[in-house]
Every structure is written in structure tokens, then in C-alpha cells.
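Working notes, structure below.
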Amino acid sequence: MSETTATTPLKIGVLLSGSGTNLQAIIDAIDADGLPVEIVVVISSRPDAYGITRAENANIPVVVLNKDVYADSEAADERIVTALQEAGAEYVVMAGYMRKLTPVVLRAFPDKVLNLHPALLPAFKGAHAIQDAFDMGVKVTGVTVHFANEEYDKGPIIAQRAVEVFEDDTLDTLEARIHGVEHGLYQQVLRALAEGRISVGEDRKVHIRA
């Protein structure tokens with residue numbers, strides 16, 4: 001992976017499907033904390049996603065897809081790749097993107113597609129990780145940031161952070177606490193990428209220099 005200095009913003013494209021809270025957290029960190037990242041395009045899989053409004057309010061270009069486009073998933077991903085490349089994105093950041101990427105995107109951006117998962121992978125894979133962990137009665141769950149690959153929720157792990165499950169937690173309180181951790185962890189990973197401190201070894205393990 002090429003290194004990017006902290007003074008040169010890392011250009012990212014953000015994929016989302018919903019409210020865009022992680023997108024907003026990145027926008028806020030850029031503005032308030034000097035996160036060395038430039039969001040060059042936001043791509044939404046749904047035309048009614050509130051994340052579109054967040055992007056427009058921040059003057060970020062938006063590409064909006066819909067279920068008809070996804071009737072051919074590879075063709076949809078070709079459109080996504082084109083939009084990302086035309087915008088100059090170096091990395092792809094999935095932020096509540098509810099579609100499984102095909103190899104079309106993954107091969108265009110090898111080890112450059114980030115996914116955020118609300119559990120400590122490899123535990124509780126899938127779309128209902130918080131609910132599954134809560135129902136299982138675990139005492140500790142957490143958040144994982146990993147590089148996406150062709151196996152769902154199984155790409156090289158970049159960073160993880162544990163979240164304790166309290167006795168009086170409800171699903172809602174646990175989910176809120178996990179989302180708060182997600183925002184901070186994603187920003188830490190993006191900063192490390194922008195500073196050129198993250199690499200993937202031949203063993204497919206991620207290494208982060210201090």
C-alpha cells in the first residue's frame with residue numbers, strides 16, 4: 001500500500017444505506033479534529049437514506065442507486081467502481097452499507113475496502129450482530145474494523161475494541177454504546193491509514209506501526 005503523509009488528506013469514498021451516523025462522525029472529525037481525510041464521494045444504495053442529506057449538507061458529491069439498479073449486482077458494482085475512480089477515491093469506507101459487495105469492487109480496490117462490524121469478529125457475523133450477542137447473553141462484545149474480502153465478515157482485521165455488556169442493558173442501550181465506539185474506532189483507523197501506518201503482511205494479518 002502506498003503511504004500518505006498526515007498533511008495530505010486520504011481520499012475516501014463512503015458507501016451507505018441508512019442514516020449515515022458514521023459518515024457524520026467522520027465529517028465532524030475532519031472539521032473539528034483535523035482528521036486527515038477528504039470524502040470525495042458518498043454512494044447510497046437507497047434514495048431515501050438520510051445519509052444523502054448529511055453528505056449534501058457537507059457539500060460532498062452524492063451518487064444515489066436504488067433496488068432496480070441492484071437487480072444486476074455486478075453491473076451495480078461496476079457503476080460504483082466508476083464513481084469511486086472518477087472521484088479519485090483511494091479507499092472505500094462502508095458505513096452502514098447493507099449490500100454485499102461483489103468481486104467487481106473488491107478487485108478494483110484490493111485491501112482498500114473498509115468495513116465496520118458491531119461485534120468482535122469472528123464472533124457474531126451477519127446483519128444482526130448486536131441482537132445476536134445480546135440474545136446470547138455475552139458479557140463482552142465490541143466493534144471490529146476490517147478489510148472486506150469475498151468472504152462475508154471475514155477479511156483481515158485492522159482494529160477491535162471491546163464493549164462490556166452491563167446487567168441492566170437493554171438492546172437499545174447496548175446498541176447506542178456500540179455505535180459510540182464505532183465512531184471513534186473508525187476515525188483512529190482512518191488516521192492511521194492517512195499516516196501510512198497500516199499494512200497487510202504476506203500472512204494476511206494487518207500490521208499497524210505506532
Side-chain angles (χ1 to χ4, degrees), residues 12 14-29 33 35 42 44-46 48-51 54 67 70 73 91-103 105-106 111-193 197-198 200-201 203-208 210:
I12 67 170
V14 176
L15 308 185
L16 57 79
S17 300
S19 64
T21 56
N22 274 298
L23 168 66
Q24 189 65 57
I26 295 170
I27 292 170
D28 293 345
D33 301 327
L35 182 68
V42 168
S44 174
S45 67
R46 294 175 51 187
D48 61 344
Y50 186 68
R54 295 181 190 275
K67 64 180 181 180
Y70 284 98
S73 57
Y91 281 81
V92 183
V93 174
M94 290 195 282
Y97 185 68
M98 302 309 291
R99 293 276 182 173
K100 188 176 188 297
L101 291 177
T102 70
V105 176
L106 299 172
D111 290 335
K112 292 189 175 182
V113 178
L114 278 68
N115 187 42
L116 185 67
H117 187 74
L120 294 175
L121 292 175
F124 303 111
K125 298 178 183 178
H128 307 289
I130 300 175
Q131 177 82 63
D132 292 344
F134 184 79
D135 290 347
M136 184 63 69
V138 300
K139 306 308 178 187
V140 177
T141 183
V143 176
T144 301
V145 178
H146 68 99
F147 288 120
N149 63 13
E150 296 179 25
E151 296 184 75
Y152 198 67
D153 289 337
K154 204 174 179 181
I157 291 172
I158 304 170
Q160 293 182 303
R161 185 172 295 172
V163 175
E164 185 177 358
V165 182
F166 301 133
E167 286 294 326
D168 60 350
D169 262 329
T170 65
L171 181 62
D172 288 341
T173 60
L174 177 60
E175 184 171 358
R177 204 158 61 254
I178 285 175
H179 288 329
V181 171
E182 287 177 348
H183 298 165
L185 192 61
Y186 232 168
Q187 292 165 31
Q188 286 183 13
V189 169
L190 289 171
R191 185 178 294 277
L193 281 171
R197 296 190 286 111
I198 292 180
V200 181
D203 57 1
R204 302 302 298 155
K205 292 181 180 179
V206 175
H207 306 278
I208 305 177

Legend entry - His128, NE2: over 12 other non-hydrogen atoms inside 6.0 angstrom: no

Legend entry - Close side-chain approach of Gln188 and Val145, heavy atoms under 4.5 Å: no

Legend entry - Spacing of CD belonging to Gln160 relative to NE2 belonging to His146, to within rounding of 0.5 Å: 10.0 Å

Legend entry - Distance, nearest 0.5 Å, that separates CG of Leu174 from NE2 of His179: 9.5 Å

Legend entry - Arg46 vs Met98 side-chain heavy atoms within contact, under 4.5 Å: no

Inset, instruction - Answer yes or no: is there a side-chain heavy-atom contact under 4.5 Å between Asp111 and Val206? - result: no

Inset, instruction - Grab the two heavy atoms, one from Asn22 and one from Ala95, that are nearest each other, plus how far apart they are. - result: CB-CB, 3.9 Å

Inset, instruction - Before accepting this row, confirm whether a basic side-chain N of the pair Arg191/Asp33 lies closer than 4.0 Å to the acidic partner's carboxylate O. - result: no

Legend entry - Working for side-chain contact (heavy atoms from CB on, under 4.5 Å), residues Phe147 and Val113: CA-CA 6 Å; Phe147 288 120; Val113 178; over 6 Å; no

Legend entry - Residue pair Leu101, Leu15: steps toward the side-chain contact (heavy atoms from CB on, under 4.5 Å) verdict: CA-CA 10 Å; Leu101 291 177; Leu15 308 185; 4.0 Å; yes

Legend entry - Heavy-atom donor-acceptor pair, His117 side chain to Phe124 backbone, under 3.5 Å: yes

Inset, instruction - Please examine the side chains of Asn149 and Pro156, heavy atoms only from C-beta on, and report whether any two atoms are closer than 4.5 Å. - result: yes

Inset, instruction - Compare all side-chain heavy atoms of Tyr91 with those of Leu190 and state whether any distance is below 4.5 angstrom. - result: no

Legend entry - Side-chain heavy-atom pair Leu193, Ile12 within 4.5 angstrom cut-off: no

Legend entry - Derivation of the side-chain contact (heavy atoms from CB on, under 4.5 Å) call for Phe166 and Thr173: CA-CA 10 Å; Phe166 301 133; Thr173 60; over 6 Å; no

Legend entry - Closest contact, heavy atoms only, Leu35 versus Gln187: CD1-O, 3.6 Å

Inset, instruction - Could you pull out the closest heavy-atom pair between Thr141 and Val138, with the gap in Å? - result: CB-CG2, 4.3 Å

Inset, instruction - Determine the minimum heavy-atom distance between Thr102 and Ser73, stating which atoms define it. - result: CG2-OG, 3.8 Å

Legend entry - Intermediate values then yes/no, side-chain contact (heavy atoms from CB on, under 4.5 Å), Thr21 and Arg54: CA-CA 9 Å; Thr21 56; Arg54 295 181 190 275; 3.9 Å; yes

Inset, instruction - Kindly check if the number of other-residue, nucleotide or ligand heavy atoms within 6.0 Å of NZ (Lys100) is above 12? - result: yes

Legend entry - Atom of Gly201, atom of His207 and distance for their closest heavy-atom approach: N-CD2, 3.7 Å

Legend entry - Contact list for residues 120-148, test salt bridge (charged side-chain N to carboxylate O under 4.0 Å, His left out), sequence neighbours left out: Lys139-Glu167

Legend entry - Side-chain (Thr144) to main-chain (Leu121) donor-acceptor, under 3.5 angstrom: yes

Inset, instruction - Would you check if Tyr97 and Val92 make a side-chain contact, meaning some heavy-atom pair closer than 4.5 Å? - result: no

Inset, instruction - Return yes if some donor-acceptor pair links the side-chain N/O of Arg99 with the main-chain N/O of Ser17 below 3.5 Å, else return no. - result: no

Legend entry - Atom of Glu175, atom of Ile130 and distance for their closest heavy-atom approach: CG-CD1, 3.8 Å

